[in-house]
Amino acid sequence: MKQLAIGLFSGGLDSILAVKLIQKLGFNVLAIHFVTPFFAKGEEPSSIKKIAQELGIKLKVITLGEDYVAMVKRPRFGYGKNMNPCIDCKVFMFKKAKELMEQLKADFVFSGEVLGERPMSQTINSLRVIEQESGLVGKLLRPLSAKLLEPTPLEKEGKVDRMQLLAIKGRSRKNQIELAEKFGLKHYPNPAGGCLLTDRYFTERLKDAFSNNEDGLAELELLKYGRHFRLPSAAKVIVGRNEQENKVLAKLKMKKDLVFTPTKVKGPLVILKNYQSEQDIEIAAGICARYSDGHNEPKVEIRCGRKRLQVKPLEPNSVEIWLVH
């Protein structure tokens, strides 16, 4: 009976190659794919499932929630260029993998990490910190760069043949592409870039949300859609930018939110959250009119619940001061 290895699996080329190497060593693989609240909109695990099926491996999809958000708010090892807590994120995920390894009595955990490929989490020191903090010392294998790292007990004891491991380093994809050709991999995803915590504009929204105690999973999902405005009262206005976003916002709105739409011209669906006064309602209606097809008209009729409001579209300059980029 083959032994079992647990692999962190993004579905990108590095993680695919890591799986192929571990399979070549004679191990069965259980891949773990983590879904975070900060994946880019539209990313679904269905494509990951298809890749796993093609590789002949079992896949476990784990959705991370409030405990992950708490880590993002206060990362022990700090942020990268934006709000990406890459070291803490890897520690968090490897801890989950360790739990599964112990539960299933698997032999070790592995990943597709490449030494020097990412500036924060894949330096030699960061790799050591992640291994130590996750509790996987001696049980964590990085097959793509293993020959550049200290041999693990797995290699020393002969459970893993170190000679079949690699010494890939740096940001170039040349070695990985050549290896993919050797394995006969013709179709594979481009390098993963779906974490919104590395996006400057998204993290401005996230900072604003955290500073206003809007850290629920539904509220964080809303950050991916529309234009966002923070009013002087601290209420928030979210404006759909197209028909598709209008539909998404309609599904994501909460019961206590107010919703605005133009009645006689085309325009956005607008959500008003945490409103404090009638003035907030007037501003939200004016913003809705501003982004409608009636923005040049003296008045636009806006629906809010059962009410019909006749409002003047707000001027662009007065609206932009509240925009959260």
Side-chain angles (χ1 to χ4, degrees), residues 2-34 45 47-62 86 89-91 93-94 96-98 100-101 104 106-118 121-124 126-128 130-131 134 136 138-152 154-155 159-195:
K2 286 186 178 180
Q3 295 173 301
L4 178 65
I6 307 290
L8 266 64
F9 191 68
S10 69
L13 180 56
D14 289 345
S15 63
I16 291 172
L17 293 174
V19 166
K20 296 294 285 185
L21 287 169
I22 297 302
Q23 288 177 318
K24 189 179 176 183
L25 290 167
F27 289 87
N28 282 325
V29 171
L30 172 62
I32 308 175
H33 179 71
F34 291 100
S47 60
I48 304 295
K49 291 176 181 177
K50 184 179 178 182
I51 295 169
Q53 190 174 21
E54 290 172 353
L55 291 170
I57 58 175
K58 292 182 179 179
L59 177 70
K60 184 176 180 65
V61 177
I62 298 177
C86 297
C89 180
K90 281 289 176 66
V91 170
M93 292 179 177
F94 276 125
K96 298 282 186 187
K98 178 176 181 284
L100 198 58
M101 179 190 76
L104 298 176
D107 294 274
F108 59 91
V109 171
F110 71 94
S111 77
E113 293 166 292
V114 170
L115 179 64
E117 188 174 87
R118 297 189 184 277
S121 62
Q122 292 179 15
T123 66
I124 190 71
S126 295
L127 293 178
R128 286 171 182 159
I130 292 166
E131 181 178 12
S134 62
L136 282 168
K139 289 286 187 178
L140 177 54
L141 192 65
R142 281 112 170 185
L144 297 181
S145 294
K147 286 184 177 177
L148 299 172
L149 307 172
E150 287 293 319
T152 63
L154 299 162
E155 297 158 77
K159 288 183 179 179
V160 170
D161 182 2
R162 185 173 173 85
M163 294 303 294
Q164 294 192 54
L165 304 178
L166 304 180
I168 299 176
K169 181 179 181 181
R171 304 190 69 167
S172 170
R173 310 286 290 174
K174 182 181 176 182
N175 289 320
Q176 286 96 317
I177 292 169
E178 289 177 354
L179 186 59
E181 290 176 359
K182 289 180 182 177
F183 279 126
L185 301 171
K186 299 187 185 208
H187 304 289
Y188 46 84
N190 290 323
C195 180

J.: Identify which one of R142, Q122, R118 satisfies the side-chain hydrogen bond (donor to acceptor under 3.5 Å, both in side chains) criterion when paired with E113.
T.: R142

J.: Determine whether more than 12 heavy atoms belonging to other residues, nucleotides or ligands lie under 6.0 Å from atom NZ of K147.
T.: yes

J.: Within this structure, what is the CD1-NZ distance for the pair I6 and K98, rounded to the nearest 0.5 Å?
T.: 13.0 Å

J.: After noting the C-alpha distance and the side-chain angles of L25 and L165, does the key distance pass the side chain to side chain contact (heavy atoms under 4.5 Å, CB included) rule?
T.: CA-CA 9 Å; L25 290 167; L165 304 178; 3.9 Å; yes

J.: Between T123 and S126, is there a donor-acceptor pair closer than 3.5 Å when you use the side chain of the first and the backbone of the second?
T.: yes

J.: Provide the closest heavy-atom pair for P143 versus S111 in the form atom of the first, atom of the second, distance.
T.: CD-O, 3.3 Å

J.: At what distance, to the nearest 0.5 angstrom, does CG of L140 lie from CG of L149?
T.: 9.5 Å

J.: Using 0.5 Å steps for rounding, measure from the CG atom of L154 to the NZ atom of K139.
T.: 6.0 Å

J.: Minimum heavy-atom separation for L59 and L30, please, with both atom names.
T.: N-CD1, 4.2 Å

J.: Side chains of C89 and M93, heavy atoms from C-beta outward: is any pair under 4.5 Å?
T.: yes

J.: Would you name the heavy atoms of I130 and V91 that are closest together and state the gap between them?
T.: CA-CG2, 3.9 Å

J.: Taking E178's backbone N and O only, do any of them form a donor-acceptor pair with E181's side chain (distance below 3.5 Å, no angle check)?
T.: no

J.: Is K58 reaching over with its side chain to a backbone N or O of A52, donor-acceptor style, under 3.5 angstrom?
T.: no

J.: Find the distance between CG (N175) and CG (L17) and round it off to the nearest 0.5 Å.
T.: 10.5 Å

J.: Is a side-chain N or O of R162 found less than 3.5 angstrom from the main chain of A146, in a donor-acceptor match?
T.: yes

J.: Return the minimal non-hydrogen interatomic distance between A180 and L13, and the atom names on each side.
T.: CB-CD1, 4.0 Å

J.: Any heavy-atom pair between the side chains of F183 and I16 that's under 4.5 Å?
T.: no

J.: For the pair K20 and L179, evaluate side chain to side chain contact (heavy atoms under 4.5 Å, CB included) and give the outcome as yes or no after the intermediate values.
T.: CA-CA 10 Å; K20 296 294 285 185; L179 186 59; over 6 Å; no

J.: What residues form a ring pair (Phe, Tyr, Trp, His ring centres under 6.0 Å) with F27, not counting sequence neighbours?
T.: F108

J.: First locate atom CG of L166, then atom CG of L21, and finally report the distance between them rounded to the nearest 0.5 Å.
T.: 5.0 Å

J.: How many angstroms lie between atom CD1 of I32 and atom CZ of F94, to the nearest 0.5 angstrom?
T.: 9.5 Å

J.: Return the minimal non-hydrogen interatomic distance between K174 and S172, and the atom names on each side.
T.: N-OG, 3.2 Å

J.: With a cut-off of 6.0 Å (strictly less than), are more than 12 heavy atoms of other residues, nucleotides or ligands near CD of E54?
T.: yes

J.: Any idea which heavy atoms bring L8 and S15 closest together, and the distance?
T.: O-CB, 4.0 Å

J.: Under 4.5 Å between any side-chain heavy atoms of I22 and V19, yes or no?
T.: no

J.: Quick check: does any side chain N or O of H33 sit under 3.5 Å from a backbone N or O of V61, one acting as donor and the other as acceptor?
T.: no

J.: Taking the side chain as every heavy atom from C-beta outward, state whether F110 and L144 have any atom pair closer than 4.5 Å.
T.: no

J.: Can you name the one residue among K169, Q176, R171 that meets side-chain hydrogen bond (donor to acceptor under 3.5 Å, both in side chains) with E117?
T.: Q176

J.: Donor-acceptor check, side chain of S145 to backbone of I168, threshold 3.5 angstrom: yes or no?
T.: yes

J.: So does R173 pair up with D14, basic N to acidic O under 4.0 Å?
T.: yes

J.: Is there a side-chain contact between L55 and V29 (heavy atoms, below 4.5 Å)?
T.: no

